[in-house]
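Read the structure below first, then the notes.
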Amino acid sequence: MSRKEQKMTHSAFKCVQGAPIFRGLSEDDLATLAKISIHQQLFRQGTVLYDPTTPLDRMMIIDQGRVKVYQLNENGKEKILYMLRPGNIDSEAALFSQRQHFNYAETVEDTRICSISNQDFQTLLHQVPTLAFNLINVLGERLTALETMSAQTSNLEAKDRLLTYLQQISQQQNQTIFKLPVKKRELASFLGITPETLSRQFKLLITADLIKVDGRQITLL
């Protein structure tokens with residue numbers, strides 16, 4: 001598909017609708033938000049989207065490509081916090097607060113990003129007060145869900161963290177056989193374990209007949 005065709009098939013409404021922060025809003029609210037959003041800006045591989053000196057001024061929606069979000073330790077060693085893929089949202093706090101980023105974000109391949117700026121969003125809330133009230137209700141429900149999830153996963157062993165991650169990817173792709181979306185060293189960093197520990201956890205899951213692994217292809221059993 002050509003770039004022109006990609007842009008033609010991109011729906012600003014559906015893009016905004018897919019943001020978890022806006023789930024539950026009416027179609028009228030979503031249409032209003034779509035009008036102030038910017039879509040499919042292209043950022044080449046290796047572009048640093050933000051660093052700890054960059055103002056937190058816009059929410060991003062990944063349309064195509066991948067972005068790694070990471071920190072650097074005192075020795076300059078990179079620790080990946082999470083990977084952003086198509087459909088993922090980043091920097092939602094930018095809509096409500098004014099501060100700087102805490103981490104780094106860098107494209108790992110050519111990436112197209114949609115966004116809503118803090119300034120445009122705040123102006124809209126003043127113009128459409130009902131949108132602000134609707135958002136409060138949506139965010140309240142989401143906060144409750146996040147607190148429940150955190151309580152369920154905070155004490156998981158490394159093996160269970162890996163299995164939970166694989167199950168989430170399976171659910172996102174709606175299939176039990178899928179390709180691991182990140183390199184294993186990136187996954188180890190994301191899970192907060194060493195590559196060697198990650199390899200051991202994969203072996204434990206295989207031995208327990210929970211998964212099959214063929215390179216980066218994973219099968220949930």
Side-chain angles (χ1 to χ4, degrees), residues 1-7 9-10 14-16 18-21 37-94 100-117 158 161-175 177-199 201-202 211 213-218:
M1 182 182 294
S2 68
R3 289 181 182 175
K4 183 177 180 181
E5 290 173 327
Q6 289 173 343
K7 288 186 177 182
T9 57
H10 181 81
K14 290 182 178 180
C15 181
V16 171
I21 193 173
S37 55
I38 298 173
H39 292 269
Q40 293 193 304
Q41 286 183 294
L42 176 63
F43 296 88
R44 295 297 184 185
Q45 179 180 355
T47 300
V48 176
L49 300 173
Y50 58 75
D51 62 40
T53 68
T54 307
L56 182 71
D57 64 354
R58 63 187 55 246
M59 182 188 82
M60 300 189 302
I61 305 170
I62 309 305
D63 183 57
Q64 300 169 28
R66 288 190 302 145
V67 175
K68 63 179 178 180
V69 178
Y70 61 95
Q71 294 177 338
L72 296 177
N73 64 18
E74 295 177 352
N75 299 319
K77 185 176 180 180
E78 183 180 291
K79 173 178 173 54
I80 296 176
L81 302 176
Y82 51 90
M83 298 291 295
L84 298 169
R85 304 173 194 80
N88 289 162
I89 314 298
D90 189 57
S91 303
E92 292 169 305
Q100 293 179 318
H101 283 277
F102 296 131
N103 307 311
Y104 295 81
E106 180 180 335
T107 58
V108 296
E109 58 187 68
D110 288 354
T111 301
R112 290 189 180 275
I113 293 176
C114 307
S115 63
I116 298 178
S117 74
R161 269 184 280 161
L162 173 58
L163 180 59
T164 298
Y165 170 83
L166 296 175
Q167 290 171 337
Q168 289 174 343
I169 298 301
S170 174
Q171 291 174 359
Q172 290 172 6
Q173 299 188 14
N174 197 30
Q175 52 189 6
I177 301 176
F178 55 90
K179 183 177 180 181
L180 202 63
V182 296
K183 296 179 180 178
K184 289 184 178 179
R185 64 177 179 80
E186 295 175 343
L187 177 55
S189 178
F190 172 70
L191 295 175
I193 58 179
T194 66
E196 293 75 18
T197 298
L198 178 66
S199 295
Q201 306 317 307
F202 267 115
I211 64 171
V213 179
D214 181 8
R216 286 177 61 181
Q217 180 175 294
I218 308 295

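Each residue takes its place number in the sequence, starting with 1.
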- Okay, side chain of Thr107, backbone of Arg44: is any donor-acceptor separation there less than 3.5 Å?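 Checking the backbone N and O of Arg44 against the side chain of Thr107, a donor-acceptor pair under 3.5 Å is found.
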Working to the nearest 0.5 Å, report the span between [atom1] of [X] and [atom2] of [Y].
| X | Y | atom1 | atom2 | result |
| --- | --- | --- | --- | --- |
| Ile116 | Met60 | CD1 | CE | 12.5 Å |
| Arg85 | Asp63 | CZ | CG | 15.5 Å |
| Leu56 | Glu92 | CG | CD | 11.0 Å |
| Gln201 | Leu187 | CD | CG | 11.0 Å |

Just to verify, what does [X] make a side chain to side chain contact (heavy atoms under 4.5 Å, CB included) with, not counting sequence neighbours?
| X | result |
| --- | --- |
| Lys179 | Arg216 |
| Lys14 | Ser11, Gln17 |
| Gln45 | Asp110 |
| Ala105 | Leu49, Tyr50, Val67, Val69 |

Set of ring pair (Phe, Tyr, Trp, His ring centres under 6.0 Å) partners for [X], sequence neighbours left out:
| X | value |
| --- | --- |
| Phe202 | none |
| Phe43 | none |
| Tyr165 | Phe190 |

For [X], what residues pass the side-chain hydrogen bond (donor to acceptor under 3.5 Å, both in side chains) criterion, not counting sequence neighbours?
| X | value |
| --- | --- |
| Glu109 | Arg66 |
| Ser115 | Arg58 |
| Thr54 | Asp51 |
| Gln71 | Asn103 |

Indicate yes or no: at least one non-hydrogen side-chain atom of [X] is less than 4.5 angstrom from one of [Y].
| X | Y | answer |
| --- | --- | --- |
| Asp90 | Ile62 | no |
| Leu180 | Val213 | no |
| His10 | Arg112 | no |

Considering all heavy atoms, the nearest [X]-[Y] contact:
| X | Y | result |
| --- | --- | --- |
| Ser170 | Phe178 | CB-CE2, 3.7 Å |
| Cys15 | Cys114 | SG-SG, 3.6 Å |
| Tyr104 | Pro52 | CZ-CD, 3.4 Å |
| Glu78 | Leu72 | CA-CD2, 3.8 Å |

- Item | side-chain contact (heavy atoms from CB on, under 4.5 Å) assessment of Ile89 paired with Met59 | CA-CA 7 Å; Ile89 314 298; Met59 182 188 82; 3.7 Å; yes
